[in-house]
> 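Questions regarding the structure given below will be posed in turn.
Values reported hereafter were calculated over all heavy atoms of this structure, with side chains retained and with hydrogens, waters and symmetry mates removed. By convention in this document, chain letters (A, B, ...) are assigned in the order of the sequence lines, proteins followed by strands, and residues within each chain are numbered from 1.
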Amino acid sequence: MSDNFAFILLNWYAKNKRSLPWREEKNPYKIWISEIILQQTRVSQGLNYYIRFIERFPSISSIYEAGEQEVLKYWQGLGYYTRARNIYAAAVYLMENYQGKFPTTYNEILKIKGIGEYTAAAIASFAYQLPYAVIDGNVLRVLSRIFGVYEPIDSTKGKKEIRQLANKLMCKKNPSAFNQAIMDFGATQCAPANPDCKNCCFSNVCYANLHYEQTELPVKTKKIKTRNRYFYYFHISYQNKIYIQKRKSKDIWKGLYEFPLLELDETIDCEKLIAHPAVQNLFTNLNWEILSVSSTYKHILSHQTIIAVFINISVDKAINNADFIPISFDRIADYPISRLMEKYLEKITVMS
DNA sequence: AACACGGGGCG
DNA sequence: CGCCCAGTGTT
């Protein structure tokens, strides 16, 4: 079975591979961008981002010249914004150390910020046919099921076991096709839920299929715990201007812009909010009033749920705070913002 | 080794 | 509502 695994897989791939813009790509730059976009992101979600990104940034130097904020703008809505900031940092690194050319060895590629073992193997194999097996969610699932690996795939030991298996099975004649094939196979045939075992080329040898263990494999141990956060956003109007600020802390949405806010770990009623020291401090030395407390959003994410309350406030003087950027309302489109801010702005734009 | 990091889709 | 997705960096 181990002997002809690659043969069966590549035969399946020849008949069933998906047509994708980066599929036959040999340009390491484009492969890099596609791989970063597809980290923890489905093809259907990332496809248009890839097309628009390559259009706007056709080369490493174009990223270098555009700056981090422009890259974040093209990442807006995709999530995991560290990826975008790392792309910019990596572009600077590649301009300064490699004259804007992508390095050609696995170890050099691995040194680039935002590129880990998976992405380094993907670029090395797709662009240069180097024999490094990719280990992603698909590979972990596919090999765990076919070979009956019960070691948890979110443990170091489980990953190591799968990696050794993958490197043994890899088609050394065509690492690029082998890697893309096993991931396409995982994405379409051996899907996480409801895998199509009836029409599978491995149905007669697959451990999970033969033992009806498809829903048990792969094994995972860690469970994600979530917390609630309460964001009180101030939509402040002053002389046809609004205030925004950049998120700088090591936290969600770092580098994106938003309204000034008070964050709490529990709900608070309106009178308490007005009396809150942080709010009082925000509006010192000026007259202000709450126009409305209308929009409330429950923004559910993987590790946290953000309950956001948007409060419309008018002030009679400019707010003196170095972090606040006064802009006219329609210029907010120039700044990268979160989906939560997008939803709010969309709603009030429709209303007006 | 555990955790944080987004957003969307699916059962 | 929980799980998953062409994972990586930090602690």
> Check for a donor-acceptor pair, side chain of A/Asn281 on one end and backbone N or O of A/Pro277 on the other, with a separation under 3.5 Å.
no

> Side chain of A/Asn194: nearest nucleotide among C/dA6, B/dG11, B/dG7?
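Of all the options, the side chain of A/Asn194 is nearest to B/dG11.
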
> Determine the Euclidean distance between corresponding P atoms of B/dG9 and C/dT8; express it in Å to zero decimal places.
24 Å

> Just to be sure I understand the rule, does A/Leu20 reach a base, reach only the sugar-phosphate, or reach nothing, if contact means heavy atoms closer than 4.0 Å?
base

> Looking only at heavy atoms, what is the nearest atom pair of A/Leu78 and A/Gln45, with distance?
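What the structure gives for the nearest pair is O-NE2, 4.1 Å.
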
> Base, sugar-phosphate alone, or nothing: which one does A/Leu78 contact when heavy atoms must sit under 4.0 Å apart?
base

> Side-chain N or O of A/Arg339 versus OP1/OP2 of B/dG8: is the shortest distance under 4.0 Å?
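True: A/Arg339 side-chain N/O within range (under 4.0 Å) of B/dG8 OP1/OP2.
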
> Tell me the interatomic distance from A/His303, atom NE2, to C/dC3, atom P, rounded to whole angstroms.
12 Å

> Please give, in whole Å, the distance from C/dT8 C1' to A/Asp136 CG?
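After rounding, the gap between these two atoms is 14 Å.
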
> What nucleic acid atoms does A/Arg141 come within less than 4.0 Å of, heavy atoms only: base, sugar-phosphate, or nothing?
sugar-phosphate

> Working note: A/Trp22 + A/Tyr50, criterion ring pair (Phe, Tyr, Trp, His ring centres under 6.0 Å); need CA distance, chi angles, decisive distance, verdict.
CA-CA 9 Å; A/Trp22 52 82; A/Tyr50 172 79; 5.1 Å; yes

> Between A/Gln304 and A/Lys222, who's closer to the 5' end of DNA chain B by nearest nucleotide?
A/Lys222

> When the C1' atoms of C/dC5 and B/dG6 are compared, how many Å lie between them, rounded to an integer?
12 Å

> By the 4.0 Å heavy-atom rule, please label A/Gly46 as base, sugar-phosphate, or nothing.
nothing

> Ignoring hydrogens and angles, answer whether the base of C/dG7 and the side-chain atoms of A/Tyr118 contain a donor-acceptor pair closer than 3.5 Å.
no

> Looking at every non-hydrogen atom in both residues, tell me the closest pair between A/Pro192 and A/Arg145 and how far apart they are.
O-NH2, 2.8 Å

> A/Asp184 side chain: which of B/dG7, C/dA6, B/dC5 is closest?
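My answer, after comparing the listed nucleotides, is C/dA6.
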
> Does A/Lys225 put a side-chain nitrogen or oxygen below 4.0 Å from OP1 or OP2 of B/dA4?
no

